[in-house]
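What follows is a set of notes on a single structure, which appears directly below.
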Amino acid sequence: MPSIDAQEAVLVGGRTYNVKTIALSEDVPHFKCLEPAEANFLYKQIFEEADYTQSGVSISPGDVIVDVGGNIGAFAVFTLLKNKGDISLYAFEPVPILAHICEANIELYKSKDTKSKVFTLGLTSPDKVGKVAFDFFPEYSLLSSAYDWDPSDRDAIAQKLLQFEGSNDPDRLEELRERVGQNLRKEVVEAELRTFASVRKELGLTRIDLLKIDVEKAEWDVVCGISDVDWAMTRQVAIETHVIGDRVQQIKQLLQDKGFTRVHVGEVGTPKFLGFKYYNKLHPDEGVVPPAVLPSAEGAGLVCNIYATRD
């Protein structure tokens with residue numbers, strides 16, 4: 001796990017958070033986060049595994065990037081470094097402290113050619129616009145969502161982690177339940193939700209080179225708030241999609257209907273909690289990450305990425 005170079009108490013939304021500065025690599029010598037383990041996981045996912053830039057999706061200097069689900073800014077920093085700051089970047093993150101950290105990380109790596117704005121705002125469909133209670137997990141921010149988590153989620157995670165280990169030991173299961181519970185300490189924050197169509201009009205955007213969406217079960221809400229005009233000016237899309245009912249097929253069909261000629265559905269994979277735990281939390285001293293194993297519960301927590309481009 002990365003060492004902590006500095007720490008500071010940051011007051012946001014009436015709450016104080018311990019924001020750490022760490023080194024992720026030679027290219028990212030300074031990065032702010034709440035949890036170093038989580039930041040390290042994001043670095044592997046975005047910089048090394050190119051999670052959002054596959055299947056023909058690419059980023060070039062001068063591009064306009066819309067980052068829906070900005071979290072702490074790992075993808076934003078990736079786009080800045082890849083293009084030496086020569087991009088226009090609009091990031092949306094509804095949790096105030098995460099939006100604060102996202103903006104701070106952008107400040108570390110932007111250049112004179114960068115145009116950027118971070119919105120402390122979530123995106124949704126027209127019927128869900130307004131203020132909502134948002135579940136935020138300070139020790140595990142990647143799972144934060146407008147959709148509720150409850151003790152059954154903890155138990156499901158523990159069961160899958162046990163399967164991932166190839167064990168059926170009831171004592172180990174109880175230990176995993178306890179560890180997951182500790183990492184799912186929840187705060188409820190108030191978040192504002194708007195449609196992308198309304199925000200895009202205010203910004204006056206006339207083109208979008210990459211629309212990236214990663215919003216923990218709310219991806220269908222987000223795409224329903226994007227107008228035909230917005231879609232027509234969008235050149236590429238990368239969406240993390242949860243395998244819930246026929247959602248994957250729905251989003252694939254929607255993108256095809258909006259004129260994307262190449263739509264690729266990636267492999268269904270283990271959800272973030274499995275990758276995150278095994279990169280960092282459960283065996284932090286081990287240098288080898290076990291191979292991914294799909295949980296057996298159909299659709300429960302599984303995700304895939306959908307990539308779309310035009311001719």
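Quick caveat, the model's predicted, so the values are computed rather than measured.
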Can you find a heavy atom in the side chain of [X] that is under 4.5 Å from one in the side chain of [Y]?
X    : Y    : value
V188 : F136 : no
F75  : L42  : no
V64  : S88  : yes
T124 : F196 : no
N71  : C102 : no
Y90  : L205 : yes
T114 : D86  : no
N40  : F31  : no

So, the side chain of [X] versus the backbone of [Y]: is there a donor-acceptor pair under 3.5 Å, distance only?
X    : Y    : result
R235 : L211 : no
E93  : F119 : no
Y147 : F134 : no
N105 : I72  : yes
R262 : R310 : yes
T261 : D311 : yes
E38  : L34  : no
E190 : A133 : no

Looking only at heavy atoms, the pair that brings D230 and G225 closest together is OD2-O, 4.5 Å
Between D209 and R207, is the salt bridge (Lys or Arg N to Asp or Glu O under 4.0 Å) condition met? List the steps. CA-CA 6 Å; D209 294 292; R207 86 172 201 270; 2.9 Å; yes
Under 3.5 Å, is there a donor-acceptor pair linking the side chains of [X] and [Y]?
X    : Y    : result
D27  : Y43  : no
T21  : K32  : yes
D127 : S125 : yes
S60  : N83  : no

request  = Check the pair W220 / Q250 against side-chain contact (heavy atoms from CB on, under 4.5 Å), numbers first and verdict last.
outcome  = CA-CA 9 Å; W220 183 251; Q250 280 184 309; 3.9 Å; yes
Legend entry - Residue K82 excluded, over 12 heavy atoms near NZ under 6.0 Å: no
To the nearest 0.5 Å, tell me how far [X] [atom1] sits from [Y] [atom2].
X    : Y    : atom1 : atom2 : value
L123 : C224 : CG    : SG    : 12.5 Å
K110 : S116 : NZ    : OG    : 5.0 Å
I251 : T241 : CD1   : OG1   : 4.0 Å
I87  : S111 : CD1   : OG    : 9.0 Å
D221 : T195 : CG    : OG1   : 12.0 Å

[X]/[Y] ion pair, N-O < 4.0 Å:
X    : Y    : answer
E8   : K20  : no
E49  : K44  : no
D113 : K84  : no
E202 : R194 : yes

Where do L89 and V66 land on the side-chain contact (heavy atoms from CB on, under 4.5 Å) test, with the steps shown first?
CA-CA 6 Å; L89 175 65; V66 174; over 6 Å; no
| message | Working note: N305 + E240, criterion side-chain hydrogen bond (donor to acceptor under 3.5 Å, both in side chains); need CA distance, chi angles, decisive distance, verdict. | response | CA-CA 4 Å; N305 284 350; E240 184 192 81; 6.0 Å; no
Decide yes or no on side-chain contact (heavy atoms from CB on, under 4.5 Å) for F92 and T120, but give the supporting numbers first. CA-CA 6 Å; F92 295 84; T120 308; over 6 Å; no
Please work out which of the three classes, parallel, tilted or perpendicular, describes the rings of H264 and Y307, given edges at 30° and 60°.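 Rings of Y307 and H264: parallel, under 30°.
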Residues S141, S144; criterion side-chain hydrogen bond (donor to acceptor under 3.5 Å, both in side chains); working and verdict: CA-CA 5 Å; S141 71; S144 301; 5.4 Å; no
Item to check | Aromatic Y52 / basic K212 pairing, under 6.0 angstrom, 45° off normal | outcome: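 Positive - K212 is close enough to the ring of Y52 and near enough to its axis.
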Self-check item: Chi angles and distances behind the side-chain contact (heavy atoms from CB on, under 4.5 Å) call for Y17, L11
Solution: CA-CA 6 Å; Y17 299 90; L11 179 64; over 6 Å; no
